Number of protein chains: 2
Amino acid sequence: MPTKSAKKAVETADRGVKPVRRRLSPAERRIQIIEAARALFCEGGLALVSMRNIARRVGITQAAIYQHFEDKDAILFAIAEEFFTRLIEDGMEKSNEEADPIARLKRGLRGYIEVGLSRPDEYRLVFMTNVPGFKRRGMHRVPPGEEAPVELTKGKIAYAFLQEQVRDLIGSGLLCKGDPEVVAEAVWAAIHGIVSLILTHLDFPWAREELIETQLRILFDGLLPDGSPSRGKVQAASPKA
Amino acid sequence: MPTKSAKKAVETADRGVKPVRRRLSPAERRIQIIEAARALFCEGGLALVSMRNIARRVGITQAAIYQHFEDKDAILFAIAEEFFTRLIEDGMEKSNEEADPIARLKRGLRGYIEVGLSRPDEYRLVFMTNVPGFKRRGMHRVPPGEEAPVELTKGKIAYAFLQEQVRDLIGSGLLCKGDPEVVAEAVWAAIHGIVSLILTHLDFPWAREELIETQLRILFDGLLPDGSPSRGKVQAASPKA
DNA sequence: CCTGTTACCGAACAGCGTTTATTTAATGTC
DNA sequence: GACATTAAATAAACGCTGTTCGGTAACAGG
C-alpha cells in the first residue's frame, strides 16, 4: 500500500561518496541483519521489514542478504526463535518463584500473557499471522534448515514446558482428570485467546487486568476439582516492573 | 515471493482480440468482483487475491476495480462481512434449537467453532490476520464507508448476540457473577483460542472433537455456579450435516 | 605477490497496490 | 435521430516488493 506511507523513516545510510565496500564475516553480518530486521519490526511492524529496508540499515544491498539467509522467512524465523526464547525464559523464571504447583502454573500463564502483550508485533508474527510463506516453521514443525536438524524449534520447547506441568498436575490429582495433552491444548487456547483478543482490538478500552483475571478464574475454576482449596481464588498479578 | 509460484492458475479471460469493452451496472460489477475475490480466496488463500487476479477473472483491468471499491481492503471487508453474516445466522439458528438458556449458549458457541473450522481461510482473514492495512474495520469498529453510516458491522452484531446471552444468564443467576461484558469477552477468547489453535496447526493430528469438548467443559465448569445442575455435563456435538 | 574463494554490488525480472489521463459505451434530452 | 452528458472502462505509469544473476573486489592462504 504505497498510499498511506510513513515508511521512509528508515535512514539512508549513505556511507560516503565512495562505495568502498567492507567485507564482514558471515557471523557478524548475520547478527547485523537480524538486529536491523528486529529494529524495523519493533518500530513499525511487519510492513517495515523489507529486504531493502534491512539492507539500507545494515549498509549493504538487498542482494547481499541472500548470502546469509535463504529467504526473508528465514530472517523472520530467526526473530520468532528469539521471541520464543524470551517466552520460555520468562515463563520459567516466573514459574520458579512459586512453590505450590497450581500457583506455578498460574504464574507461568500470566507470564505468557504479559510477554505476549508487551511484544504485540512479535506475538502476532508468531501466533496470529500466517506470514505468507512462513513455511509452517511453527510450534509443531521442525525448522527446514538442513544444517540444524538436531535442534528443535524453541516453540516446541515452550509448549513442552506447559505440557509437562499439566501432566504432573493431573498425575498428582490436583487438576481434573483428562488427557493431559488435550487439557494442555485447552489451557493454551484459553490463554492465547485472551492475548489474541486484546491484540486484535488494541483500541478497545477495556480493563486488561480485569479481563485477564476473569479469564484465569474461569479457567482454573473449570480445571480444578470440586473440592480443591484453590477454587475461586485468583492469583494476584505479578508486581509491576 | 515470486519464486515458489503455483500462482498462475488464474485463467487469462482473454475476451477475444477486440477489446470491446462492456459496461455493467455498478451493482452487477460489484457482485462480480466480490465473487471473483471470494473464489480466489477459497482456492489459495489471501496470496491469490490480488487486484490483477481479480480483474483477470472478472474480465476487466485492475484499475477498473477502483471504480467500485475504494481499496483492496474494501473488497476483503466485503468478504468478511459475508462471513460474519454466516456466523450470525448459523449461531442463531443453532441456538434457537435449544430451550434451556445454558444449552442455548453452548450450542451457539459450538456453532461458532464449526463455522470457523469449516471456513478456515475466512476465519483467519477476519480474526487472525492483521491484514496489512485492513483498516481496523474489525469487531469493534464502524466501517469507514461514508455511504452507509447507519448499518454497523456484522461483527458488532455477532458479538452483541453473545453479550446479550451472557448478560441474561448472569442476570438470572445461572452464570457466575461478574461484569457481563468481561465474562463475554472471556468466553469469546476461550472459543476463539480453540479455533485459532486448530487452524494454526492444521497438520497436527489431534482429535478435534475431544479438544472442543474438553474446552467447553472446562469453560462451563468455570462459568457455572458450584451447585448448578449443568456442571460437568458436556453438550453433545450437533449432528453431522 | 599471486590466486582462490566469496561477500558484495548493480541491474534486472515479475509481481504488487494505486493513480492518472484518456477513451468510449450507455443514457438521457431535444 | 442527433447531440451532450456521465461515468465505466482502459493503457500506462509510479514506487514498492522478494528474488536472481553476472560480474567485481576484498580478503586469506600459499
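Below, all heavy atoms of this structure are taken into account, side chains as well, without hydrogens, waters or symmetry copies. All of these numbers come straight from a predicted model, not from anything done at the bench.
Nearest-nucleotide positions on DNA chain D for Ala63(B) and Ser25(B) put Ser25(B) closer to the 5' end. When each of Gln62(A) and Arg23(A) is assigned the nucleotide of DNA chain C bearing its nearest heavy atom, the one mapping closer to the 5' terminus is Arg23(A).
One N or O donor and one acceptor, one from the side chain of Arg52(B) and one from the base of dG17(C), sit under 3.5 Å apart.
Note: Phe84(B) and Phe127(B) meet the aromatic proximity criterion, with ring centroids under 6.0 Å apart.
Of the charged side-chain nitrogens involved, none lies within less than 4.0 Å of a carboxylate oxygen, so that Arg86(A) and Glu81(A) do not count as a salt-bridged pair. For Glu209(A) and Arg110(A), the salt-bridge test passes: some basic side-chain N is under 4.0 Å from an acidic carboxylate O.
The distance between atom CD of Glu70(B) and atom P of dG17(C), rounded to the nearest whole Å, is 15 Å. Nucleotide dT20(C) holds its C1' atom 13 Å from the OH atom of Tyr66(B), rounded to whole Å. Distance Ile65(B) CD1 to dA9(D) C1': 12 Å, rounded to the nearest Å. The distance between atom CD1 of Ile54(B) and atom C1' of dG15(C), rounded to the nearest whole Å, is 15 Å. Straight-line distance from the CE atom of Met51(A) to the C1' atom of dC9(C): 15 Å, rounded to whole Å. For the pair Ile75(B) CD1 and dC16(C) P, the interatomic distance rounds to 13 Å; values are reported in whole Å.
OP1 or OP2 of dA9(D) sits under 4.0 Å from a side-chain N or O of His68(B). In this model, the phosphate group of dT17(D) is approached by a side-chain N or O of Ser50(A) to a distance below 4.0 Å at OP1 or OP2.
Partners of Glu210(B) by salt bridge (charged side-chain N to carboxylate O under 4.0 Å, His left out), not counting sequence neighbours: none found.
The residue Ala64(A) sits close only to the backbone: its heavy atoms come under 4.0 Å of sugar-phosphate atoms, none of a base.
Ranking dC9(C), dA11(D), dG18(D) by closeness to the Ile60(A) side chain, first place goes to dC9(C).
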